[in-house]
Amino acid sequence: MINNMIEFIKVFMLGVIQGITEWLPISSTGHLLLFDELFPLNASESFLSVFTVVIQLGSILAVVVLYWSKLWPFKSDKKEMKKSFILWSKVLTASIPAAIAGLLLDDIIDSKLSTWYVIALALFVYGVLYIILEKKIKFKTRINSLEEITYLDSIKIGAFQMLALIPGTSRSGSTILGGIICGISRPVVAEFSFFMAIPVMAGASLLRLLKSGLGFTAIEWVYLLLGSLISFIVSLIVIKALVKFVREHDFSAFGVYRIILSIVVVLFFSFR
């Protein structure tokens, strides 16, 4: 009984970590890896690889709930309906680069790149880039609403999202900074980045579930549901907080955090 409670606490914590780090530009992969090394879940490696991807569904659901009025296309107002369909078409356009790259490279990423040293390197390199881009270079803002984002802008942001296929990079960080580089205001590109997560993360979760064969035990299904639920609740809070944060602050603090975390990862795995 006590052992079961400990495992449920670990699942709870993994859901919290996912809900926080999925949206902040600090890499969910790096944090989940560290937690699993410190407090490994008593489950098979194959299940863990599925678990860390599938609990993203909770994070996606949080976006849908928070932005339902913008995302739901079947409205009575034809003008608003058209705006939603156009928004979805841009989101799906932005998702194409990462979707293609993900399908082609999924096995390579799992076997070759999902290592602590790749994650540590990505944390460090992108931490430095965040600081340089935010403190040394000023990008002119030309887009201040979702409607102003063009299909070409969508493709450009989608190209930045491909970078996040490298573990330790951060999908939200890549897309938000990519949008800023393209001249999109922080609050607008943050929202667009949230929307881009829906098809990409849903597709990745579905792909991983199909590959698994769905042959989970009853307790593993409980782990998946609990982790997704916690991820959903935490994501609701974090998304609101991040939208408020990006209106007034840049990402340089996250850059510093990433550099520190990369050093922690290297030290931990080098001397364990």
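Please read these numbers as outputs of a predicted model, since none were measured by experiment.
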SB check E134 R186 (cutoff 4.0 Å): yes

Exercise for the section: Using a strict cut-off of less than 4.0 Å between a Lys/Arg side-chain nitrogen and an Asp/Glu carboxylate oxygen, indicate whether D250 and K135 qualify as a salt bridge. Expected result: yes

Between P97 and G158 the two heavy atoms that sit nearest each other are CB-O, 3.7 Å

Tested for ring pair (Phe, Tyr, Trp, His ring centres under 6.0 Å) against F74, the lone hit among W88, F85, W68 is F85

Taken to the nearest 0.5 Å, the spacing of N42 CG from L48 CG works out to 9.5 Å

For S84, the side-chain hydrogen bond (donor to acceptor under 3.5 Å, both in side chains) test, sequence neighbours excluded, returns K75

Verify the neighbour count for atom CZ of F139: are there more than 12 heavy atoms of other residues, nucleotides or ligands below 6.0 Å? yes

Is there a donor-acceptor pair closer than 3.5 Å between any side-chain N or O of [X] and the backbone N or O of [Y]?
X    : Y    : answer
K156 : C182 : no
S49  : S46  : yes
S172 : W23  : yes

Can you tell me how the ring of F47 sits relative to the ring of Y223, calling it parallel under 30°, perpendicular over 60° and tilted otherwise? tilted

Note: with side-chain heavy atoms under 4.5 Å as the link, the other cluster members for I86 come out as Y151

When the side chains of residues 57-64 are checked against the rest of the protein, which donor-acceptor pairs come out under 3.5 Å, sequence neighbours left out?
| from | atom 1 | to | atom 2 | distance (Å) |
| --- | --- | --- | --- | --- |
| S59 | OG | Q18 | NE2 | 3.3 |
| S59 | OG | S231 | OG | 2.7 |
| S59 | OG | S235 | OG | 3.1 |

